[in-house]
Amino acid sequence: MLSKLFAAYGVDFIQWKSLTLTAVRLANRQSSLRFDVSSTRGKDMNFSLLLSALIYLVLGLVMTSFVFKLHDFFWSSLILFTIVAFMIGSLMLVEFGTIVVAPEDYHIFSVQPVSSRTYFAAKVTFTILYILIYTMAMGLPSVIAYGLARRVWAEAYSLDPYLMLGSFAGLVMIGVGVAMTMILVYATILRFVHFRKLKNVLSYLQLAMSFIVYGSYSLLPSFIEKVGADLPAVKPAWVYFLPMSWYSSLLDVAEGKINALSILASGLGVLFFAGVIPFALSKISLTYAESLSDASTVPEERHAIQSAASRNVRTFFQRDEDRAIATLIRSQFKHDTRFRLGILAIVPLTILYLFMGLQGGGKLFDPFNPDWKSMGNSALIYLVIVFFPMTIKEAVTRSESYLASWIFFVTPAEKARLVISVKRILFWFFVVPYLVVLGIVFLFYFQNILHVAMHLLVLILLSYSFLQVYLLVNPQMPFSVPRQLGERTTMLGTVMIVGPVVLIMLLLGFSFFVYKNMGIYIIVVTLLVLFTMLLEKLLVKRISRKLARLEFRG
Amino acid sequence: MIETHQLTKHYDTKVAVVNLNLNVREGEIFGFLGPNGAGKSTTVKILTGMIFPTSGNAVIEGFDILKDPIEVKRRIGYVPETGALFESLTGWEYLQLIADLHHLDRQIAGKRMDEFLHLFGLWDDCHARLQQYSKGMKQKILISAALISNPSVLFLDEPLNGLDANAALVFKELLKKLSVQGKTIFFTSHVLEVVERICTRIAIIDHGGIIAEGTAQQIAESTGQKTLEESFAKLTGVRDARDSAQDFLEALGT
């Protein structure tokens with residue numbers, strides 16, 4: 001029956017089933033959160049995909065508070081949908097090459113009797129399944145909350161199925177719609193790019209997309225602020241320019257608030273969803289995988305001149321290990337798109353958070369003259385600073401070139417010295433320049449060079465110690481661990497949940513106690529320096545011991 | 001020289017190498033053969049310090065691989081079968097990387113790099129990325145990288161992969177001359193004719209243990225076969241090649 005149905009659309013049912021199952025298996029087995037269980041029949045069962053979705057479920061449970069607190073289904077769902085759209089957008093951004101179309105697909109499937117249509121059907125099935133798992137993890141608790149809300153407020157005695165249905169439909173359309181929009185944008189632009197330039201364009205395109213994704217998320221605090229302060233009975237016209245509001249209007253309809261605007265907005269949402277799907281789906285094909293594959297295999301023209309930058313890097317560092325790692329990281333940054341993106345992802349985040357910081361009264365939060373009004377927005381910039389070392393450490397560890405890391409296990413270089421070199425190079429190549437640029441921005445707003453210098457010194461010391469801690473927790477050789485699907489998904493979830501707590505504690509501590517008194521500042525900075533020295537000793541000791549037993553992963 | 005004593009490696013429940021005892025003398029070109037999954041790569045990975053044995057030990061040039069791994073690695077060169085390289089680096093940068101990791105004097109390293117790149121005909125492309133190299137060019141870089149520190153022990157896993165006939169000929173001659181100089185060469189390959197021709201002694205491994213050892217002629221005589229190829233087939237339990245081929249055809253229904 002199913003076979004005939006699939007055949008009518010030119011899809012081989014058996015191949016589709018096998019390809020989809022393989023994609024799910026790979027997603028589970030390659031996930032960074034391994035959770036393997038041996039069944040009674042002795043076969044390994046993997047639930048890693050579901051386990052990493054649990055992190056998003058925690059966020060989903062937190063978000064039910066909007067439903068109960070706001071007493072307005074339109075506004076609460078607008079917040080919920082914006083967060084879901086941001087998170088799904090982020091997932092698509094970082095996992096596009098793994099979830100949607102992977103370049104290696106072409107190498108594997110092009111020699112098999114798989115039609116482009118069957119490949120496409122399997123990819124679509126898996127992409128939608130993957131997106132829905134995370135969408136539902138974040139949204140399903142709120143769907144249930146919508147059903148219960150009136151009962152909690154003692155306005156009704158039973159579940160409200162219409163609200164549940166409306167919010168569920170909105171969620172599905174948001175999740176799948178955002179994913180499809182991103183596929184469409186990617187694929188459409190790539191159509192006009194020669195495959196030789198594809199890899200570079202892809203990285204800059206991802207960077208540009210991250211502005212859009214993070215930009216839409218940046219609207220969230222002002223929504224919450226506006227919504228929290230006042231819930232206008234008549235929605236302002238501007239709100240309907242936001243696509244998420246089209247899907248929030250579904251809840252207006254479900255609640256019985258049927259008017260021309262709610263019908264029009266929700267109709268627009270459904271139309272957009274129905275419109276974007278066929279366009280986006282037409283882009284997922286084996287031919288597209290071929291283009292990506294070409295991009296990764298077709299050689300560019302050879303350049304036979306050693307660059308001056310390469311020579312300078314080698315002159316700047318004196319230790320052999322430093323020179324070796326500097327050469328490698330510089331080259332990987334220049335030519336490995338995913339590594340470069342892993343580092344450059346900090347740029348759009350920083351610019352957007354700076355922009356948001358400036359919205360709070362037109363100036364950045366100055367920790368020496370704390371103005372609590374502007375702190376809320378400006379605090380986000382510190383979130384980025386805190387997690388930048390973690391991002392670059394992850395980027396330098398996981399790589400598609402991990403098989404080449406055999407060299408670190410065979411040469412007489414001490415592994416601990418190599419890891420210390422990695423820390424040094426990351427610090428000097430990325431952390432210091434990034435913080436110096438931020439310092440220039442701070443100087444413009446603080447108008448006090450001493451404050452900026454003092455603040456920058458603290459940030460540099462903190463970033464350095466964060467980098468030490470990340471290496472202490474999980475020391476690895478550079479580019480030696482294979483990439484895993486969901487590695488950044490898990491990290492993203494962790495950052496969103498743990499980050500704000502760490503950040504607020506640090507910022508409050510420094511503003512209230514440290515920057516108020518020069519004596520305390522000097523003591524704290526001295527303590528920080530001693531702390532980094534202590535960490536350095538610990539780091540050398542621990543990694544020497546831990547890495548002595550580290551085996552090659554290939 | 002290379003010595004192993006009761007070398008054993010388990011992967012969870014699977015035994016890859018079991019109680020392996022080897023003794024490769026200075027100046028020998030030692031052929032290490034075995035069918036797929038016999039334990040060859042695991043042995044080489046242990047001997048080069050990439051992974052650790054579950055039990056037993058290995059001594060290379062008088063240094064224990066577990067107790068003095070760095071001293072061992074100072075004395076070895078390795079050409080891996082996978083051919084894995086950091087492809088974003090240029091050929092020149094890759095050799096520099098290896099030279100730095102071996103703490104080679106910059107002038108000596110530079111001179112050797114110049115010479116190797118010229119000898120292998122890679123000079124014009126040495127500042128092009130490895131991604132742009134052909135398989136044979138990459139293999140030449142791997143061989144150069146293995147030789148750059150002038151090691152006394154060489155581990156070569158399918159070193160002729162991708163080399164053209166001329167380069168392969170030069171490389172085989174080079175191996176012979178290196179062995180005359182006293183270098184120990186641990187040579188792994190599936191091409192039995194090459195092993196038979198250049199190796200002074202051969203060991204065959206199967207199911208993680210040595211099943212035959214000696215010169216090609218000694219192994220052939222001990223199994224009552226004429227060639228190393230026939231001995232290998234007999235020792236590793238492969239059925240008669242003609243019968244197997246016939247069974248394949250029957251399975252295809254032809």
Side-chain angles (χ1 to χ4, degrees), chain A residues 199 296-307 310-311 313-315 317 319-337 339-340 399-418 421 478-479 548-554, chain B residues 9 41 44-52 66 68-94 96-106 109 123-134 142 145-146 148-149 151 155:
Chain A
K199 273 176 87 174
S296 61
T297 54
V298 173
E300 290 169 24
E301 283 172 28
R302 289 179 189 162
H303 303 283
I305 301 162
Q306 188 183 21
S307 70
S310 172
R311 283 193 300 272
V313 161
R314 297 186 59 76
T315 316
F317 295 103
R319 282 193 353 161
D320 287 336
E321 290 86 354
D322 286 356
R323 280 206 308 276
I325 299 296
T327 305
L328 184 60
I329 288 182
R330 185 190 152 274
S331 181
Q332 290 286 104
F333 184 77
K334 200 173 164 195
H335 303 295
D336 180 341
T337 311
F339 175 59
R340 184 167 61 238
S399 170
E400 280 152 6
S401 314
Y402 75 96
L403 281 175
S405 68
W406 64 267
I407 197 68
F408 301 124
F409 296 83
V410 173
T411 44
E414 277 179 39
K415 291 180 192 133
R417 283 172 72 93
L418 286 173
S421 290
F479 308 106
R549 299 299 298 166
L550 188 73
E551 293 190 334
F552 175 55
R553 300 279 291 264
Chain B
K9 177 71 179 176
S41 294
V44 173
K45 280 180 184 169
I46 294 172
L47 295 177
T48 51
M50 293 164 80
I51 59 172
F52 303 101
L66 285 175
D68 298 299
I70 299 292
E71 289 305 320
V72 169
K73 290 170 191 184
R74 283 204 177 108
R75 289 159 175 81
I76 64 169
Y78 174 49
V79 176
E81 185 194 12
T82 58
L85 292 157
F86 287 109
E87 301 209 344
S88 67
L89 295 178
T90 65
W92 181 267
E93 284 171 340
Y94 188 78
Q96 258 179 348
L97 170 81
I98 307 300
D100 283 338
L101 292 175
H102 275 271
H103 299 284
L104 277 189
D105 178 86
R106 286 196 214 184
W123 179 252
D124 290 341
D125 296 311
C126 72
H127 293 304
R129 276 189 283 149
L130 291 168
Q131 190 185 34
Q132 298 154 9
Y133 282 28
S134 69
L142 282 167
I148 199 161
S149 60
F155 289 94

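Convention: sequence-line order gives letters A, B, ...; per-chain numbering from 1.
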Closest approach of A/Asp320 to B/Asp100 (non-hydrogen atoms, all atoms of both residues):
CB-O, 3.2 Å
Closest non-hydrogen contact found for B/Lys73 with A/Thr411 is CD-O, 3.3 Å
I need the minimum non-hydrogen distance between B/Arg74 and A/Pro412, along with the two atoms involved.
CG-CB, 3.4 Å
Side chain / backbone / both / neither for B/Leu85 at chain A, heavy atoms under 4.5 Å
backbone
Rounded to the nearest 0.5 Å, what's the gap from CG on B/Leu89 to OG1 on A/Thr327? Could you check?
7.5 Å
Could you give me the CA-CA distance, side-chain angles and deciding distance for A/Lys334 and B/Arg129, then say whether side chain to side chain contact (heavy atoms under 4.5 Å, CB included) is met?
CA-CA 11 Å; A/Lys334 200 173 164 195; B/Arg129 276 189 283 149; over 6 Å; no
By ring pair (Phe, Tyr, Trp, His ring centres under 6.0 Å), which residues pair with B/Tyr94, not counting sequence neighbours?
none
Could you check whether the rings of B/Phe86 and A/Phe408 sit parallel, tilted or perpendicular, using 30° and 60° as the cut-offs?
tilted
Sorted by chain and residue number, the side-chain hydrogen bond (donor to acceptor under 3.5 Å, both in side chains) partners of A/Glu321 (sequence neighbours excluded) come out as A/Arg417, B/His103
Any chance you could measure A/Arg323, atom CZ, to B/Leu101, atom CG, to the nearest 0.5 Å?
10.5 Å
Between the side chain of A/Trp406 and the main-chain N/O of B/Ala84, is any donor-acceptor distance below 3.5 Å?
yes
For B/Leu142, is it the side chain, the backbone, both or neither that has a heavy atom under 4.5 Å from a heavy atom of chain A?
side chain
